[in-house]
Amino acid sequence: MTSIPNFRSLTQLVDKTVVIIGGSSGIGYEVARASLEHGAKVIIASSHAEKVDTAVKNLSALHESFKGRISGSTCNVKVDREIEKFWDSVGQFDHLVYTAIDSVPQFFSETDNGRRAHFDIIFWGALISANYTMQKGYINAGGSITMTMSSSFKKPHKGWEIAASITGAVDGLTRGLAVQLAPIRVNTVSPGYVDTNMWHAMDPTAKVALEDGISKTALVQHVAKPEEIADAYLFCMKCTNLTGVTINVEGGRLLAQPLVDHWLEAKPL
Ligand SMILES: NC(=O)c1ccc[n+]([C@@H]2O[C@H](COP(=O)([O-])OP(=O)(O)OC[C@H]3O[C@@H](n4cnc5c(N)ncnc54)[C@H](OP(=O)(O)O)[C@@H]3O)[C@@H](O)[C@H]2O)c1
């Protein structure tokens, strides 16, 4: 087996503290795993204590070297004071990754409170975290913030206007915070459909049909797994010249034009 020396690209996160709000499941969990693989100390947070505890236990069990480098805490980002208390308990850190979401944002099918809560979790929780940690001087020099939005900003489905608008707000926040917090770097990752808990409430038959459609139309011809998206967050943390950028990691969803392609194949110009 090839032995790999301590190359810069492999060791940049060693002993850095990576905090992942939304790290108990899905994409955030995989960012936690990948950060641990890169030698970081990782703190995950989310609103359910039992989910945090299970995730910490599962991550610790993945590799001997992860033990003692992973811990977790509860934080409900719908409550401003809880966010501040959480950051006071963390103190100094290097990288913040923000992946919290509690359900797929719909509009017409929800109550007023449900509609507004999506903004609290996806947008306000990220902004309050960024603002509070900067005010308190908790982000170490060379640190970064990576937030999350989705390809529905650029290509919403019918009924997805709230998802499109929250994610658009996060896209704008990325550039605004990058300017405001410089030289701390701020970026955002924008996935397409990813097979995670976020879809747990979906009818199983409809989910199979959706995933079948994605496999056929996405340019990468498969449904994304959360570990594939996690790589983009690692890039955001490691690339010290990257800021104010939203990275699309959506398997070519934005380029896929199956109807037009089929028509052109049948009738070449
Ligand atoms: N999966 C997709 O298809 C997809 C596509 C595009 C974009 N995204 C984006 O990717 C990000 C991660 O989604 P995911 O698919 O990984 O979802 P997920 O597996 O459902 O994970 C969401 C995480 O957020 C936490 N969370 C929920 N409510 C919270 C609250 N009030 N306070 C703090 N944490 C809270 C959850 O834990 P608790 O329940 O314990 O709080 C969980 O750890 C989201 O921003 C989502 O919009 C996902």
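Only a predicted model underlies this, so the values are computations on that prediction, with no experimental measurement involved. Numbering starts at 1 and runs along the sequence shown. Order of appearance sets the numbers: ligands from 1, and atoms from 1 within every ligand.
The contact set between ligand 1 and Thr148, taken as ligand atoms under 4.0 Å from a residue heavy atom, comprises 9 (C), 10 (O), 11 (C), 45 (O).
Residue Lys67 places its NZ atom among more than 12 non-hydrogen atoms of other residues, nucleotides or ligands, all under 6.0 Å distant.
In this structure, Pro191 has a heavy atom closer than 4.0 Å to ligand 1. Using 4.0 Å as the threshold, Glu250 has no heavy atom nearer than that to any atom of ligand 1. The closest approach between any non-hydrogen atom of Ser190 and ligand 1 is not below 4.0 Å. Contact between Asn76 and ligand 1 is present, with at least one heavy atom of the residue lying under 4.0 Å from the ligand.
Shortest contact from atom 40 (O) of ligand 1 to any protein heavy atom: Ser46 OG, 2.7 Å.
Of all the heavy atoms of Ser151, none lies under 4.0 Å from any atom of ligand 1, so neither backbone nor side chain is involved. With a 4.0 Å cut-off on non-hydrogen atoms, Tyr29 does not touch ligand 1 at all. At a heavy-atom distance under 4.0 Å, no atom of His200 approaches ligand 1. Proximity of Lys51 to ligand 1, defined as any heavy-atom pair under 4.0 Å, is confined to the side chain (atoms from C-beta onward).
A donor-acceptor pair under 3.5 Å is absent between the side-chain atoms of Ser151 and the main chain of Glu250, judged by distance alone.
Under 3.5 Å, the side chains of Glu211 and Tyr193 contain a donor-acceptor pair of N or O atoms. A donor and an acceptor atom, one from each side chain of Tyr233 and Thr99, are nowhere located under 3.5 Å apart. Between the side chains of Ser24 and Ser46, at least one donor-acceptor pair of N or O atoms lies under 3.5 Å.
Ring orientation note: the planes of Phe119 and Phe123 are nearly perpendicular, at an angle over 60° on the 30°/60° scale.
Applying the side-chain hydrogen bond (donor to acceptor under 3.5 Å, both in side chains) criterion to Ser150, with sequence neighbours excluded, gives Ser152.
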